[in-house]
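Because the structure is a prediction, the values reported are computed rather than measured. Protein chains get the first letters and strands the later ones, always in sequence-line order, with residue 1 at the start of each.
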Protein chains: 2
Amino acid sequence: MVQFVHPATKDITLAGVLSALADPIRLQIVRGLLQESGCLSCTAASPCPTIAKSTLSNHFRVLREAGLIQTSKKGVEHQNAVRAADIEARFPGLLMAILANSLSDAPPVAVG
Amino acid sequence: MVQFVHPATKDITLAGVLSALADPIRLQIVRGLLQESGCLSCTAASPCPTIAKSTLSNHFRVLREAGLIQTSKKGVEHQNAVRAADIEARFPGLLMAILANSLSDAPPVAVG
DNA sequence: TCAATAGTTCCATACTTCCGAACTATTGAA
DNA sequence: TTCAATAGTTCGGAAGTATGGAACTATTGA
C-alpha cells in the first residue's frame, strides 16, 4: 500500500510552494479544493478532463511534496485537502495573496 | 542593438510571476534590486559570483519577460529595476507577500 | 473469483535549464 | 581609426523535467 510522505510544516519551502503554484493546472487544483471546502479525489479535483491520469498523478505528487496538500487514502480513492493552516503558519499571507490574484489572472472566472 | 521587450502591465501573468520567482536565484535578484532601491547592472545584481554569465543573462530574460523587471541599456551596462508599481497594480499584495516570506525562507540574508 | 475503478510507476519523447564558447555592442586609450 | 577591455547575448550540447500511453497495484462490489 502506498503511504504518502508529507513534509513537516517547517520543511515547506517558498521555492517549492511557488513552483508548485506556478503551474496553472496545479493552481486550479488548489483553488478547486478550497472552493469545495474540503476533500476531493484526484479526478474530482482535476480542472480539465483531458489531462492524462499519469500527468494528474504527477501534479498531485508535486503539490504533496511542496506541502500544499494532504493526501489520505479512503477506499479506492484518495482524499486531498489543502494544508491551508500549515501554509499560513509557514508563510503568512502568501497563499491568500496568490489565490486572491488568481481570479484576475484566469479569464474564465469573473472578477468579483 | 538589442532592445528589450517588456510586457504591458495587463499582460503580466500570475503563472509567469510565480514561476520566475520560484527560482531562488531570481528571487534573490529581485530582493537585491529592491534593497538597493533602484537600478543595478546584471552582474552587480547577481547573488552569487559563480553563476555563469549565460545563466545569469537567461535569469534576467525570464524576469524581464515575466514583467518583474525593467531593463534599459546605459552604456556598456544594463540597468535593471523591479517593476514594483506595475506588479502591485496587476496583482495587489502579491510581491510583498512573496518577498516578506522570502526572509524566513532564505537564511543567508538578514532581515532589514 | 472476476470486473471495474482510482491512482501509481515505467518508459519514451519533448521541452527546459545550465554552462562554456563564440559573438555583439559600447567605452576608452593609443 | 584601431585595439583591448568590459557587459551581455546567443548558440549548442549535456543534464534535468514534464507529458502521456501502457502496464501495474489496491480496493470495492457483484
- Side chain of A:Ser41 - closest among D:dT9, D:dA26, C:dG7: C:dG7
- Using a cut-off of 4.0 Å on non-hydrogen atoms, how would the nucleic acid contact of A:Ser57 be classed: base, sugar-phosphate, or nothing? base
- Message: I need the NZ-C1' distance between B:Lys74 and C:dA25, as an integer number of Å.
- Response: 17 Å
- Take atom CD of B:Gln79 and atom C1' of C:dT26, then tell me their distance rounded to the nearest Å. 14 Å
- Ranking C:dT26, D:dA26, C:dA6 by distance to the side chain of A:Glu77, first place goes to C:dA6
- Message: At less than 4.0 Å, is any side-chain N or O atom of A:Arg64 found next to OP1 or OP2 of C:dG7? Yes or no.
- Response: no
- Query: Are OP1 or OP2 of D:dT27 and a side-chain N or O of A:His78 less than 4.0 angstrom apart?
  - Reply: no
- Task: Could you name each residue pair satisfying salt bridge (charged side-chain N to carboxylate O under 4.0 Å, His left out) that touches residues 39-56 of chain A, not counting sequence neighbours?
- Result: none
- Pair B:Phe60 + B:His78: ring centers closer than 6.0 Å: no
- Task: For A:Arg26 and A:Ser19, indicate whether the former's side chain and the latter's backbone hold a donor-acceptor pair under 3.5 Å.
- Result: yes
- For the side chain to side chain contact (heavy atoms under 4.5 Å, CB included) test, which of A:Ile69, A:Leu95, A:Ile12, A:Leu68 pairs with A:Arg83? A:Ile12
- Tell me: NZ of B:Lys73 to C1' of D:dT9, nearest whole Å? 9 Å
- Taking the side chain as every heavy atom from C-beta outward, state whether A:Lys74 and A:Glu77 have any atom pair closer than 4.5 Å. no
- Query: Within the distance-only criterion (no hydrogens, no angle test), does the side chain of A:Asn58 pair as donor or acceptor with the backbone N or O of A:Ser54 below 3.5 angstrom?
  - Reply: no
Expected rows: protein N/O vs nucleotides 13-22 of chain C N/O, under 3.5 Å:
| residue | atom | partner | partner atom | Å |
| --- | --- | --- | --- | --- |
| C:dC19 | OP2 | B:Thr55 | OG1 | 2.6 |
| C:dG20 | N7 | B:Ser54 | OG | 3.2 |
| C:dG20 | O6 | B:Ser54 | OG | 3.0 |

- Given the rule that a pair is Watson-Crick or G-U wobble with both distances under 3.5 Å, how would you write DNA chain D in dot-bracket, using | for pairs to a different strand? ||||||||||||||||||||||||||||||
- Query: Counting distance only, does the side-chain N/O of A:Asn80 pair as donor-acceptor with the main-chain N or O of A:Leu40 below 3.5 Å?
  - Reply: yes
- Query: Are the side chain of A:Gln79 and the backbone of A:Thr71 linked by a donor-acceptor contact shorter than 3.5 Å?
  - Reply: no
- Query: Side chain of A:Ser102, backbone of A:Leu99: donor and acceptor closer than 3.5 Å?
  - Reply: yes
- Task: Check the distance between D:dA7's P and B:Asn80's CG and give it to me in whole angstrom.
- Result: 14 Å
